[in-house]
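Here the structure is a predicted model, which is why all the values come from computation and not from measurement.
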Amino acid sequence: MTATHMTEFLEVALLAAKSARELILSYYNGDFEIEIKTDQTPVTVADRGAEEIIRKTISSAFPSHGIFGEEFGAESKDTEYLWLVDPIDGTKSFVRRYGMFSTQIALMHRGKLVLGVSCAPAMNELAWATRGGGAFNTEGPLHISQVDTIAQASISTGNIQSLAAGRRWTALGRILSHTNRTRGYGDYYHYHRLAAGQLDAVIESDVNILDIAALYVIVTEAGGLFTDLDGRAPDLDTRSVLAATPALHAALSAELNQV
């Protein structure tokens, strides 16, 4: 995979995200019906239509690549290049008409995440990154903060229900009681803030790889460390996140994994 290939991949991913954005906003500002999937989460015509646009854009450019999407599942999942797509991450926000939702597009090469595009249509935010190429938004390069202690940190949490039922709940309470500031932004928003140096850590559970693949590339290319709560790099089975500045990540991991 050459730098030229990566440039082509990024151009297509950005085109796909921007094309989906127009459809998503047309429904967001209009009318749509809501269905409830078997996992009790909502889905709309906007989710399905946006994924169709993204799939068509990618497949037209790279017909040999696989695509794994939230609404239509996987095509050729064992290919050298696998695109990971969540057309509307945060559908619950979308259906309640507030803007904390995004389109997530990532590329995995031989099992490694190498590209990420995160587009939040209603909030007019777009961020992207490629492995070794840095992270950016429409205002310029992204860099995480230099905060390295829990006492100094601003920490955001998301989807903490499963943490509340598990062994880390007490540890999380101890962390949040000693940190400088706590937030619960969730979804794409706290990862964008982390990559831009406006937050210092994100702790999240009950996610899947389609939610966070693109954000992993963006945060790591901005200088952050991004693993699951057990310290593993994201893969297709990832269910939790600890993302932070490198020194803060080590401190938070030690607290969260005390036996």
Side-chain angles (χ1 to χ4, degrees), residues 9-10 13 16-17 20 37-41 43 47-48 50-51 54-55 58-59 62 65-93 100-120 127-131 135 156-163 166 185-192 194-195 202-222 224-244 249 253:
F9 298 153
L10 179 60
K37 295 191 284 189
T38 56
D39 64 358
Q40 300 304 302
T41 59
V43 64
D47 297 79
R48 296 187 177 117
E51 185 167 323
I54 294 167
R55 283 177 176 269
I58 292 171
S59 295
F62 311 114
H65 291 195
I67 302 175
F68 175 25
E70 174 72 19
E71 305 307 331
F72 298 108
E75 298 173 6
S76 305
K77 204 171 180 179
D78 296 326
T79 54
E80 179 180 3
Y81 292 98
L82 178 65
W83 292 87
L84 307 177
V85 177
D86 193 339
I88 302 181
D89 179 43
T91 302
K92 290 179 181 178
S93 301
M100 301 282 276
F101 61 87
S102 64
T103 297
Q104 299 293 316
I105 303 173
L107 177 61
M108 184 175 278
H109 179 238
R110 296 175 178 168
K112 303 292 184 182
L113 289 164
V114 298
L115 176 153
V117 170
S118 176
C119 177
W128 64 91
T130 56
R131 177 70 64 87
S156 182
T157 59
N159 295 330
I160 61 174
Q161 295 93 329
S162 57
L163 283 176
Y185 292 128
D187 295 316
Y188 87 92
Y189 192 78
H190 49 196
Y191 296 104
H192 280 211
L194 175 62
V202 172
I203 300 170
E204 188 158 29
S205 66
D206 195 24
V207 299
N208 68 60
I209 190 61
L210 301 180
D211 300 329
I212 52 90
L215 298 161
Y216 164 81
V217 184
I218 292 166
V219 169
T220 55
E221 284 298 317
L225 189 56
F226 192 121
T227 68
D228 70 5
L229 292 173
D230 293 309
R232 297 179 296 243
D235 60 26
L236 295 179
D237 297 318
T238 294
R239 299 294 299 166
S240 63
V241 172
L242 173 58
H249 187 284
S253 182

In sequence, state the C-alpha distance, the side-chain angles, and the governing distance for V117 and L10, and then conclude on side chain to side chain contact (heavy atoms under 4.5 Å, CB included). CA-CA 8 Å; V117 170; L10 179 60; 4.0 Å; yes

Sequence-distant partners of T227, side-chain hydrogen bond (donor to acceptor under 3.5 Å, both in side chains), two or more places apart: H249

S156 side-chain N/O to Y185 backbone N/O, donor-acceptor pair under 3.5 Å: yes

Between A13 and L115, which heavy-atom pair has the shortest distance, and what is it? CB-CD2, 3.9 Å

Show me the donor-acceptor pairs, under 3.5 Å and distance only, between side chains in residues 100-109 and residues at least two apart or in other chains.
{"residue": "S102", "atom": "OG", "partner": "Q104", "partner atom": "NE2", "Å": "2.8"}
{"residue": "T103", "atom": "OG1", "partner": "P87", "partner atom": "O", "Å": "2.7"}
{"residue": "Q104", "atom": "NE2", "partner": "S118", "partner atom": "OG", "Å": "2.8"}
{"residue": "H109", "atom": "NE2", "partner": "E80", "partner atom": "OE2", "Å": "2.9"}

Taking Y189's backbone N and O only, do any of them form a donor-acceptor pair with D187's side chain (distance below 3.5 Å, no angle check)? no

Measure the shortest side-chain to side-chain distance between L210 and D89 over non-hydrogen atoms and say whether it is less than 4.5 angstrom. no

Not counting sequence neighbours, which residues clear side-chain contact (heavy atoms from CB on, under 4.5 Å) with D230? List them please. R167, R168, D228, R232, N257

Please identify each residue that fulfils salt bridge (Lys or Arg N to Asp or Glu O under 4.0 Å) with D206, with sequence neighbours left out. R239

Are the side chains of Y191 and I218 in contact, using a 4.5 Å heavy-atom criterion? no

Where E221 and R131 come nearest, the two heavy atoms and their spacing: OE2-CA, 3.4 Å

Given 3.5 Å as the limit, does a donor-acceptor pair link the side chain of E51 with the main chain of E71, or not? yes

The side-chain hydrogen bond (donor to acceptor under 3.5 Å, both in side chains) partners of W83 (sequence neighbours excluded) come to H65

Inter-residue atom distance D235.CG - I209.CD1, 0.5 Å rounding: 6.5 Å

Are L242 and L225 close enough that some pair of their side-chain heavy atoms sits under 4.5 Å apart? no

Any side-chain heavy atom of L163 sitting closer than 4.5 Å to one from L229? yes

Matching residue for L113 among L84, I212, L82 - test: side chain to side chain contact (heavy atoms under 4.5 Å, CB included): L84

Output for pair (F62 CZ, I67 CD1), nearest 0.5 Å, gives 10.5 Å

For I160 and T157, which heavy atoms make the closest approach, and how far apart are they? CG2-CB, 3.7 Å

Hey, could you give me the CG/NE2 distance between L215 and H192, rounded to the nearest 0.5 Å? 5.5 Å

To the nearest 0.5 Å, what is the distance between CD1 on I88 and SG on C119? 11.0 Å

4.5 Å side-chain heavy-atom contact, N208 and E70: yes

Could you list the residues that satisfy side-chain hydrogen bond (donor to acceptor under 3.5 Å, both in side chains) with T130, not counting sequence neighbours? none

